[in-house]
Asker: 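Take this structure first; my questions come after.
Computed from a predicted structure; not experimentally measured.
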Amino acid sequence: MDYTLVVALEMIRAIAWLVLLASGLAIIFGMMRIINFAHGEFLMLGGYTVVISTNAGVNEWVSILILAPVVVGVFGIIVERLVIQRLYGRILDSLLATWGLSMLMMGGVTMIFGNTVQGVSTPFGGMKIGAYQVPVYNFVLIGFAVLVLVAIWCVLKFTKAGLIARATMQNADMAEALGIRTRWVYMTTFGIGSAITGLAGGLLAPVTGVVPTMGMNLVGQSFITVITGGASVIAGTLSSATLLGTISQGVTFLTGPVYGDAALLVTALVLLRLLPQGITGRIFKRSL
Amino acid sequence: MEKSVLRDPGFYVMVAIGLAAMLILPVVLDMFTIMQITQYVVLAVFALSLGYIWGFGGILSFGQAAFFGLGAYTFAVAAINIGETTIPLILAFAIPCLFGAALGYFIFYGRLSDVYLGVVTMVVTLLFWKLANHTAGPEYAIGAARLGGFNGIPSIPVMNIPGEPEAMLDPVQMFQVFMGFLIVVYIVLRLLIASDFGRVSIGIRENETRASLLGYDVRRHKLVVFAIGSGIAGLAGAMWATYQAFIDPNAFSMEMSAKALVWVMAGGVGTLVGPIIGVILLQWLTLKLGTMELLNSLAVLGAIMMVLVLALPKGIVPTLRKLIVDGWTLARRKKTGGKADE
């Protein structure tokens with residue numbers, strides 16, 4: 001009974017993990033149909049922000065919840081102004097450029113901070129479920145995954161900004177014709193997506209520690225979650241994270257983390273063969 | 001259709017330059033330099049594989065290193081087990097080719113868009129890299145070859161003359177053989193591009209919908225182009241493995257895929273000479289920058305990639321070609337008083 005509970009909790013944590021990793025990316029993809037190949041390095045930047053500011057004496061929660069999103073969000077807006085906005089309509093070029101950015105950031109951070117793992121302590125310690133020890137921080141991750149999704153949903157559904165964003169997502173030309181500056185919408189979207197990515201990176205930092213190459217271990221899962229989900233931000237991320245998280249965590253329990261990743265990819269490939277537009281290309285079509 | 005290639009003087013010039021390099025360089029250069037150049041030759045074959053599928057099939061693969069590494073590992077494992085190198089070389093072409101076909105089935109028959117294709121190929125490469133790093137224990141062995149995890153596979157046999165495992169090639173012969181491979185790959189690709197099949201794949205690159213409305217099976221065409229490119233990348237991987245006598249999971253690294261992209265972008269998409277020139281220029285540049293220890297090579301590669309996309313999206317060869325053609329028309333127009341452009 002306890003074991004089942006622990007396994008179930010691990011599954012939910014895996015799903016929450018994928019939701020956190022992918023939400024920022026999904027917003028940008030849903031809006032602009034481009035994948036930010038430097039996504040892993042945006043996560044890394046969030047992680048480094050938390051580690052550096054915490055070690056400099058800032059409260060850990062302040063650095064995770066405020067500093068990481070702000071730093072990465074501002075960085076995202078700068079990137080959008082300098083690079084992405086020059087490449088609208090040239091989707092493949094924007095992929096190449098963001099990949100270049102990814103390597104530039106990885107190399108740059110290595111030059112500045114060196115290729116060593118740095119970390120902060122994980123808050124809260126552990127709790128007991130029967131004979132098993134479970135980190136309380138897992139519940140924090142799950143809580144924030146829910147919070148992020150609910151926040152995105154509320155903004156898109158109930159605010160004027162959300163209405164404008166949805167209009168642009170549905171038909172950018174028409175939105176433009178009705179007087180919306182779609183370029184501003186794109187810039188803001190990129191900034192918000194980056195900020196959420198920064199938050200995710202900050203939340204992951206206490207668990208994984210930070211290294212310049214940490215992005216490489218995370219991008220695979222993030223990308224696969226987003227493209228399997230399809231263009232709808234919330235329904236897509238949630239459905240694909242649930243499916244892929246369950247399968248990969250199941251395989252991980254049986255064989256180990258590397259094959260968990262392989263299972264994730266194979267599932268995604270088969271799914272994309274059946275549903276080329278992602279899950280929300282066929283099911284939950286009109287949802288957010 | 002092949003006639004168009006056989007009538008193109010540029011084609012003969014390129015092949016002649018290649019043959020001249022193959023025969024003359026070993027005479028005029030010392031052994032060390034020849035071994036350095038051999039490296040460029042191997043990477044040029046790798047660059048051609050991406051230059052072909054991207055420039056002439058419109059398939060932008062972010063994971064060409066997956067096939068390069070697969071070819072290298074196939075060659076290493078087979079050569080250690082068999083004890084000679086001819087069959088392993090064939091396998092190093094065939095296995096990546098088949099794997100490319102299998103992956104291509106999911107990508108092209110699912111009609112995935114360009115963005116999805118980029119993501120899937122990239123993730124496959126990442127996965128190979130992770131898996132190869134994971135094979136450290138003694139239980140990960142294929143026959144006599146231990147995969148060795150991140151330490152890689154050492155003492156891979158040097159290439160030998162087909163049928164005579166004892167007759168191994170010395171570095172100069174290896175250079176000449178590899179140069180021969182490069183020339184053959186170049187000729188085959190040129191002929192393939194000029195064939196009916198090649199024309200259709202260029203048509204698909206230009207307008208996929210139109211090509212399919214004209215009755216061509218776009219999915220099958222792209223699959224074949226992708227598989228051929230994968231096979232050539234695998235061949236390059238095998239050459240790399242036997243040249244270094246060593247292979248580690250970095251053959252699967254993102255950096256390797258990125259390098260291939262940068263070479264093709266720098267040289268020019270839609271040419272075959274471009275990727276080769278890209279390799280020579282950028283490897284030389286990396287060598288120069290590598291001696292200054294201040295800069296991280298990954299950061300430099302990333303910066304070059306961004307600059308290329310933003311400032312020189314067409315690449316060196318097409319830009320030069322356009323300059324020359326424009327200059328020539330201008331000169332002619334001056335001579336004839338502005339009436340050359342009829």
Asker: Go through the atoms of A:V226 and report whether side chain, backbone, both or neither lie under 4.5 Å from a heavy atom of chain B.
Answerer: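 It is neither, since no heavy atom gets under 4.5 Å.
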Asker: Heavy-atom distance under 4.5 Å to chain A: side chain of B:S253, backbone, both or neither?
Answerer: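 Contact with chain A is absent: no heavy atom of B:S253 under 4.5 Å.
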Asker: Between B:L103 and chain A, with a heavy-atom cut-off of 4.5 Å, which part of the residue counts as in contact: side chain, backbone, both or neither?
Answerer: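 Only the side chain of B:L103 comes within 4.5 Å of chain A.
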Asker: If the contact rule is any heavy atom under 4.5 Å from chain B, which residues of residues 23-35 of chain A qualify, in numerical order?
Answerer: A:F29, A:R33, A:I35
Asker: Please examine the side chains of A:L87 and B:L310, heavy atoms only from C-beta on, and report whether any two atoms are closer than 4.5 Å.
Answerer: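 SC-SC contact between B:L310 and A:L87 confirmed.
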Asker: Can you tell if the side chain of A:W99 reaches within under 4.5 Å of the side chain of B:M254, non-hydrogen atoms only?
Answerer: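 When only atoms from C-beta onward are counted, B:M254 and A:W99 do touch, with a gap below 4.5 Å.
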Asker: Work out which heavy atom in B:A303 is nearest to a heavy atom in A:L104; give both atom names and the distance.
Answerer: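 Taking every non-hydrogen atom into account, CB-CD1, 3.9 Å.
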Asker: Could you check which of A:S94, A:G107, A:A97 has the highest count of heavy-atom pairs closer than 4.5 Å to chain B?
Answerer: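 Of A:S94, A:G107, A:A97, A:G107 has the most heavy-atom pairs under 4.5 Å with chain B.
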Asker: Minimum heavy-atom separation for A:L96 to B:W54, with atom names?
Answerer: CD1-CH2, 3.9 Å
Asker: Locate the shortest heavy-atom distance separating B:V309 from A:R90; write the atom from each residue and the value.
Answerer: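 In terms of heavy atoms, the two residues are closest at O-NH2, 3.4 Å.
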Asker: Taking atom CZ of A:F253 as the centre, report whether more than 12 heavy atoms of other residues, nucleotides or ligands fall under 6.0 Å from it.
Answerer: yes
Asker: Looking at A:Q118, I'd like to know if its CD atom is crowded, meaning that more than 12 non-hydrogen atoms belonging to other residues, nucleotides or ligands lie closer than 6.0 Å.
Answerer: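 More than 12 heavy atoms, drawn from other residues, nucleotides or ligands, come within 6.0 Å of this atom.
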Asker: Whether the side chain of A:R273 engages the backbone of B:I107 through a donor-acceptor N/O pair (distance < 3.5 Å, no angle test) should be reported.
Answerer: no
Asker: When heavy-atom pairs shorter than 4.5 Å are enumerated against chain B, which of A:L274, A:L264, A:L275, A:N217 gives the highest number?
Answerer: A:N217
Asker: Could you please spell out the steps behind the side-chain contact (heavy atoms from CB on, under 4.5 Å) verdict for A:L272 and B:Y116?
Answerer: CA-CA 9 Å; A:L272 283 176; B:Y116 283 38; 4.0 Å; yes
Asker: If you look at every heavy atom in B:V123 and A:F223, which pair is closest and at what distance?
Answerer: CG2-CB, 4.3 Å
Asker: Need one label for A:I91: side chain, backbone, both or neither, based on atoms under 4.5 Å from any heavy atom in chain B.
Answerer: side chain
Asker: Answer yes or no: are there more than 12 heavy-atom neighbours, outside B:Y216 itself, under 6.0 Å from its atom OH?
Answerer: no
Asker: For the candidates B:L131, B:V124, B:L298, which exhibits the highest count of non-hydrogen atom pairs separated by less than 4.5 Å from chain A?
Answerer: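 Looking at each option in turn, the highest pair count goes to B:L298.
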Asker: Step through the shown structure and confirm whether more than 12 heavy atoms of other residues, nucleotides or ligands are within 6.0 Å of CZ on A:R81.
Answerer: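 Correct, the count exceeds 12.
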Asker: As an exercise: rank B:L127, B:V120, B:V307 by heavy-atom pairs under 4.5 Å with chain A and give me the winner.
Answerer: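 It is B:L127.
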Asker: Could you tell me which portion of A:V109 (side chain, backbone, both or neither) has an atom closer than 4.5 angstrom to a non-hydrogen atom of chain B?
Answerer: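 Nothing of A:V109, per the 4.5 Å heavy-atom cut-off to chain B.
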Asker: Would you indicate whether the side-chain heavy atoms of B:V119 and A:L95 approach each other to under 4.5 Å?
Answerer: no
Asker: Which atom names give the shortest non-hydrogen contact between B:A299 and A:G108, and what distance separates them?
Answerer: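 Smallest heavy-atom distance, with atoms named: CB-N, 3.9 Å.
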Asker: Taking side chain as everything from C-beta outward and backbone as N, CA, C, O, which of these in A:I227 sits under 4.5 Å from a heavy atom of chain B? Side chain, backbone, both or neither.
Answerer: both
Asker: Write down the atom of A:M103, the atom of B:G302, and the distance for their closest heavy-atom approach.
Answerer: CB-CA, 3.8 Å
